[in-house]
Number of protein chains: 2
Amino acid sequence: MSVVLTAARLADEVGFENVTLAAVASRLGVRIPSLYNHVKGLPGLRRELALYGIRELNKRLQGAAIGKESDKAIESMLYAYRSFVRERPGLYQATLHAPDPQDREVQEASQAIIETVLTVLEPFHFKYEDALHVVRGFRSVAHGFVSLEAAGGFGLSLDTDESYRRLISVFLRGLHCSSL
Amino acid sequence: MSVVLTAARLADEVGFENVTLAAVASRLGVRIPSLYNHVKGLPGLRRELALYGIRELNKRLQGAAIGKESDKAIESMLYAYRSFVRERPGLYQATLHAPDPQDREVQEASQAIIETVLTVLEPFHFKYEDALHVVRGFRSVAHGFVSLEAAGGFGLSLDTDESYRRLISVFLRGLHCSSL
DNA sequence: CACGACAAACTAATGTAGTTAGCTTAAAAT
DNA sequence: ATTTTAAGCTAACTACATTAGTTTGTCGTG
């Protein structure tokens, strides 16, 4: 299996910050320097992990919106976002650690996610700029909840499924209700 | 200056993940092993950083709510959250990396933040459990936006101040509007 | 005043990780 | 048949964290 796929699996098991070249090499049954024939050191591996993760996340979001529209589509994508992070926690972490956020490919992949979300917002008929603000809100809600949950940031006492359900509901109501 | 305060400053300058004992020692004009007289190695330093960061954040949130109530108080606290992360990005990162989320002191400090937010939610007269869900939403919105912004996750083209203002507005409208 | 305890520094040594340089080998391309 | 390339390797170097054991000064107490 490729170095990046191996590293992604490893990340999910031990966390992104514990993905070392040593561990990847060991898992591949190979010596550390051999990896340098495939990735540009640890920074290069992390960049490729980030790229892979962003693209995978986008696929999930796209899949979640198929056959749904407006509120249902947004809700479905938010749940897909959470599922992705739960299934691939290490890979998701990697998406947040692109060494250089200016990297062209990374930016393109991120832009693709923005387009995905923009598409499901079309039924709302927002002005383009307004829709971009909403996309940022969407990502904030999804990332915020899901990363706090993954980090164990929520106490144990209360059902997190219900918390997420309600947060989604608040977000959607906020988008619709124009009072205030 | 204390080891933890020095490390916190350093974290803000170079990022939490680049806080090494070597760098802290160098800044204090001391050899690395000397730090072991003050903190329990790197894990111990990180734990103390997390604790310090959580408590500082709580102070900020409390300060922001003084003399405000309901919507204004929540809005003010969300802005304070963002200010804190902008001023002390490394220290904030530390709050998310408590080595052991079960740690008693860490849990108490986190609980104090929850209490702080619960206090400003009192005017809403939520049931206790409902209020807890809202607190999670509050933290998700704040953390989500602010950490994506800090990670350079938002493109450059659009004003982030405006995005945050709107997200807050959506959140508050969502809390009030009961349609759906 | 002397002595012991303690705080806080130090040196030395060990282990792990990332990186680079340079070598080997087998398969693919010319 | 020869060259190129892909993919592995060893060896050596650096940085960092950690532990063990040592030194030194201060401070309180007998």
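Because only heavy atoms are used, hydrogens play no part in the values below, and waters and symmetry mates are left out as well, while side chains stay in. Chain letters run A, B, ... following the sequence lines, proteins first and then strands; every chain starts at 1.
- Under the 4.0 Å criterion applied to side-chain N and carboxylate O atoms, Arg47(B) and Asp103(B) are assigned as salt-bridge partners.
- The CG atom of Leu45(A) sits 14 Å away from the C1' atom of dT19(C) (whole-angstrom rounding).
- Between the CG atom of Leu28(A) and the C1' atom of dA7(D) there is a distance of 12 Å, rounded to whole Å.
- When rounded to the nearest whole Å, the span between CG of Leu42(A) and P of dT20(C) equals 12 Å.
- Here the P atom of nucleotide dA15(D) and the CG atom of Leu21(A) are 18 Å apart, to the nearest Å.
- Atom CZ of Arg27(A) has more than 12 neighbouring heavy atoms from other residues, nucleotides or ligands inside a 6.0 Å radius.
- Summarising the geometry, the separation between CD on Glu17(A) and P on dC16(D) is reported as 19 Å, rounded to the nearest angstrom.
- Dashed line: the shortest gap from a side-chain N or O of Tyr36(A) to OP1 or OP2 of dT20(C) is not under 4.0 Å.
- A 4.5 Å side-chain heavy-atom check between Leu49(B) and His97(B) finds every atom pair outside the cut-off.
- Phe154(A) carries Arg136(B) over the face of its six-membered ring, with the cationic atom under 6.0 Å from the centre and within 45° of the normal.
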Considering only nitrogen or oxygen atoms on both sides, find all protein atoms under 3.5 Å from nucleotides 8-12 of chain D and state each distance.
residue: dG8(D); atom: OP2; partner: His38(A); partner atom: NE2; Å: 2.4
residue: dG8(D); atom: N7; partner: Asn37(A); partner atom: ND2; Å: 2.6
residue: dC9(D); atom: OP2; partner: Arg31(A); partner atom: N; Å: 2.7
residue: dC9(D); atom: OP2; partner: Ser34(A); partner atom: OG; Å: 2.5
residue: dT10(D); atom: OP2; partner: Arg31(A); partner atom: NE; Å: 3.4

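- Neither Ile66(A) nor Leu118(A) shares a network with the other; the hydrophobic side chains, linked directly or stepwise wherever heavy atoms of I, L, V, M, F, W or Y lie under 4.5 Å apart, form separate groups for each.
- Electrostatic pairing of Arg166(B) and Glu162(B) counts as a salt bridge here, judged by a charged N lying under 4.0 Å from a carboxylate O.
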